[in-house]
Each structure stands twice: as C-alpha cells, then as structure tokens.
Amino acid sequence: MKIFKFGGASVKDAKGVINLASVIETTAEKNLIVIVSAMGKMTNSLENVVSNYFSNASEVDAAVSEVYNYHHKILSELFPNSSHPVYKDIQQIFKKLTYFLKNTRSKNHSFVYDQIVSVGELASTTIVSAYLSEVHIKNTFLDVRSCIKTDANHRDANVDWEVTQQQIKAHVNPKGITVTQGFLGAEDTNNFTTTLGREGSDYTAAIFGYCLNAENVTIWKDVPGVLNADPRFFSKTQLLHHISYREAIELAFYGASVIHPKTLQPLQRKEIPLFVKSFLNPLDPGTCVGKGVTLDPKVSCFILKKNQVLISLQSLDFSFMMENNISEVFNLLHLYKMRVELIQNSAISFSVCVDNKFNNLEPLLSELRKKFKVKWNEGVTLYTIRHSKPSEIKALTDNKLVMVKQESRDTVQLVIKE
C-alpha cells in the first residue's frame, strides 16, 4: 500500500484532474490511497463565505455561487453529458452547505469555519473519484470523516490516534485504489466536521501512512521536489535529492513551505519514506525524506518569512529581564495567538520576532505597555539559513539593516528591515 497526496495546484482545473489520472496510470500503482485537497484556491474562496456569514450576510449567496460555478465549470469540461450522476452529487454537497448557512446561528467562528470550508475537499474528491471511474480507473470513494477522529479543537484539531487507527483499518480496503479527502476529520463524540490546520492534507497522508504501515508516501507538487530555497525569492535554487527526517523537521520548524511540520513525525516513527515529486514529471526521482545522509547535496538552505513583527521590551524600572518577566511576556504571546519565530534577551532587554497571523498586535502591545517600555517594527523579514557559508550571509545582508542576528552550529537567523 502506498499513499499519494495531490494538492490544490494539481487539481485546479479540468486539465489538472486529467493529469492526476495520468500520474496514477504512469506510476502503475494498484494498491493506493489517493488524498486530494480542495481545488485551486477554493479554500480561500470558502473562507470568504465564512467571512460573509459573520459580517456581510447579503453577500453569502454570491460567494457560494462563485464556489459552485468554479466546480461546475470543471465538471462541464470533464463530463460533457450533464446527466452524469456526478452533477447531482456536487449539487447535493452544495445543498447541504446552503442548508447549514440558512439554518445555523452559531457564533463559534472556528466551528462554522470547519463546516463551510470542508466543502472544498468534499467537492474535489467527488469529482476526482468520478473522473477516475470514467477513464476506467476503478476506485472507492471514502469520506475521511468516518476514519480520522479528533477532539473539538476546530481549525487545528488533535487526532485521536487509537480510534483513528481502528477506523482506518475498518474502512480501508488494502487492495485497490481509494480516493479520500485531505485536511478533514470529525469530532469523535458527535461527528461534527473538524480540520487539521492549513496545509493539513500532507498531515492526512502521514496519518494514513502510519495507520496502514504504508510502503511510502508521495506528495505531488508543481515543483520538482524540495528545493534549498523558495524560487519566488531566490534566483538560484538546487533540488535536494535526500533529506534526513531530522533535517526535514528542522526545515519545517523554521517554516519551509514544502512539507507540513506535523507530517514528518508519524512517518519517522515507522521509518516510512516520504517523497516529494512533480505531478508534471511523475517519473523523475524528486526528493526523498527518510533515513540516511542528512542532506544530499550538502548545500545551504534558505527559509524566508516576510511581514513579521519584531517587538523589543525593557522593564520600566530598568530591572533585569528575569524569568518572571519573560514568563509573563510568553503568557501574553500565547493569549494573543502570536507564533514566536525568534527570541533574544540581554540583562535588561528582551526581543521577540512574531507572526501576527490573527491580527492581534494592537491589543498585545497595549497589554505589554502596562509593564514594559515597548518598541516594535512591523513588516520585517526573517531569514533562516541552515548550513550557511560566511560569504552567503554577507551577500544576504549587504546594504540591509540587520536588526537581530543569531547563530548556532548549523543555523543562522537574521531579522532584516528591507
């Protein structure tokens, strides 16, 4: 048994769905779990539905129509005969969404989010499964919510591994091809839909891989594999042929976008190799994450995070920044959902670089000012470089304002005002 995961870019249109079928035919895999994300940018479009649900009810129908029309266009290109059963299947998904929107009065944003956004994966897998059948690739459609059981922490649900393993073994036929959704789960107590966090489809692949003792897991992307830098920001990049689990976890922790941070840990426990390959060139070797050499080739790896916030604190009475002060700061960072990317402290100062993902900067600063002298810089860039050379750091920082620099044996981090 092998696991294939296809992201939104791979099924963004009818050509993408056709290519997905071609990848399965080209690789000639017979016993396969195919995990599919929402098509294209549909998660973003469904997030717009959520936003309108809470703040602009008159626009909800239009936002839903936009999502429906997107899928209907793909349907019409894949299935010219509009009487094909898949049309009714998609209509039923959107009827359930409409019913939820008109009959639910919940003010729990995260709960509503999960019920609405899950439509993206349900629609994409319905279309993919039907098309595979249409081109004579026999497959079974599986609602992943019957398998992956979680707590009620909506938008970032925690998996109940024991129950999930039982359910996957009960629902999945180890022979043949099964098509199911990434990103989704269901509360173990009442079956309300949950989600595993953005980019959680990679995590779904790892969950199935772990529970089924898969031979390997492959994530299909629009890049040749894991590169040593993001080609959108760096002109020269190299393909990494092999990465150890530990190195990949380090890269993921610092923000490498190709691999979801939670994906690697269950695979490492059972030493299941993870491949990252191009869905445009499926026979190319791509990148393997597994046991063995740390990094091949041994080159510097660059990770970049834009639009960060650097906050610098001093106690009002110039006393030392001791454990009690620092613990209070971290409690506030946790309260306002700030992801901490870097910290640095001296005797009387403490600096922290954070990702203001939930736009809680102003209330956080207001609380910090009660006890500290506060300075902050928005829109800074955090660079993390693994296995760097001095010449590379010099080239990166020339004619730029370096606000913070930290260096350890294998990692250099720089906060830069560009």
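Computed from heavy atoms alone, side chains included, the values below leave out hydrogens, waters and symmetry copies. By convention here, the first residue in the shown sequence is residue 1.
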Lys405 NZ to Ile393 CD1 distance, which is reported to the nearest 0.5 Å: 6.5 Å

Any salt bridge linking Arg232 with Asp230? Criterion: basic side-chain nitrogen under 4.0 Å from a carboxylate oxygen. yes

Asp143 with Arg145: basic N within carboxylate O range, under 4.0 Å: yes

If you draw a 6.0 Å radius around CZ in Phe358, do more than 12 non-hydrogen atoms from other residues or ligands fall strictly inside? yes

Which class fits the ring pair Phe234 and Tyr383: parallel under 30°, tilted 30 to 60°, perpendicular over 60°? perpendicular

Using a 3.5 Å distance criterion without hydrogens, assess whether the side chain of Gln308 forms a donor-acceptor pair with backbone atoms of Lys306. yes

Take a 6.0 Å sphere around NZ of Lys305 and say whether it holds more than 12 heavy atoms from other residues, nucleotides or ligands. yes

If you define the side chain from C-beta out and look only at heavy atoms, does anything of Lys221 sit under 4.5 Å from Val276? yes

Could you check whether any side-chain N or O of Asp151 sits under 3.5 Å from a backbone N or O of Asn158, counting only pairs where one atom can act as donor and the other as acceptor? yes

Quick one: do Asp202 and Lys5 make a salt bridge, cutoff under 4.0 Å? yes

Ring center gap for Phe6 and Phe279 short of 6.0 angstrom: no

Between Thr294 and Glu247, do the side chains contain a donor N or O and an acceptor N or O under 3.5 Å apart? no

Pairing donors with acceptors under 3.5 angstrom, does anything connect the side chains of Ser351 and Ser312? yes

Over 60° means perpendicular and under 30° means parallel, so tell me whether His84 and Phe79 are parallel, tilted or perpendicular. tilted

Correct closest heavy-atom pair for Ala229 and Thr237 would be O-CG2, 3.5 Å

OG on Ser118 to CD on Gln181, rounded to 0.5 Å: 9.0 Å

Taking Glu187 for its side chain and Ala152 for its backbone only, find out whether a donor-acceptor pair lies under 3.5 Å. no

Is any side-chain heavy atom of Lys102 closer than 4.5 Å to a side-chain heavy atom of Asp61? yes

Please check if the side chain of Asn139 supplies one atom and the backbone of Ser129 the other of a donor-acceptor pair under 3.5 Å. yes

Exercise: identify the closest heavy-atom pair between Ala130 and Val86: CB-CG2, 3.6 Å

For the student: nearest non-hydrogen atoms of Leu196 and Gly200, plus distance: CD1-O, 4.2 Å

Side chains of Ser10 and Asp222: do they bring a donor and an acceptor to under 3.5 Å? no

Under 3.5 Å side-chain donor-acceptor pair for Asn56 and Ser58: yes

Could you give all pairs that pass the salt bridge (Lys or Arg N to Asp or Glu O under 4.0 Å) test and reach residues 31-46, with sequence neighbours left out? none

Please name the residue in the list Leu304, Leu396, Asp410 that meets the side chain to side chain contact (heavy atoms under 4.5 Å, CB included) test with Ile385. Leu396

Under a plain distance cut-off of 3.5 Å, with no hydrogens placed, do Asp114 and Thr195 share a side-chain donor-acceptor pair? yes

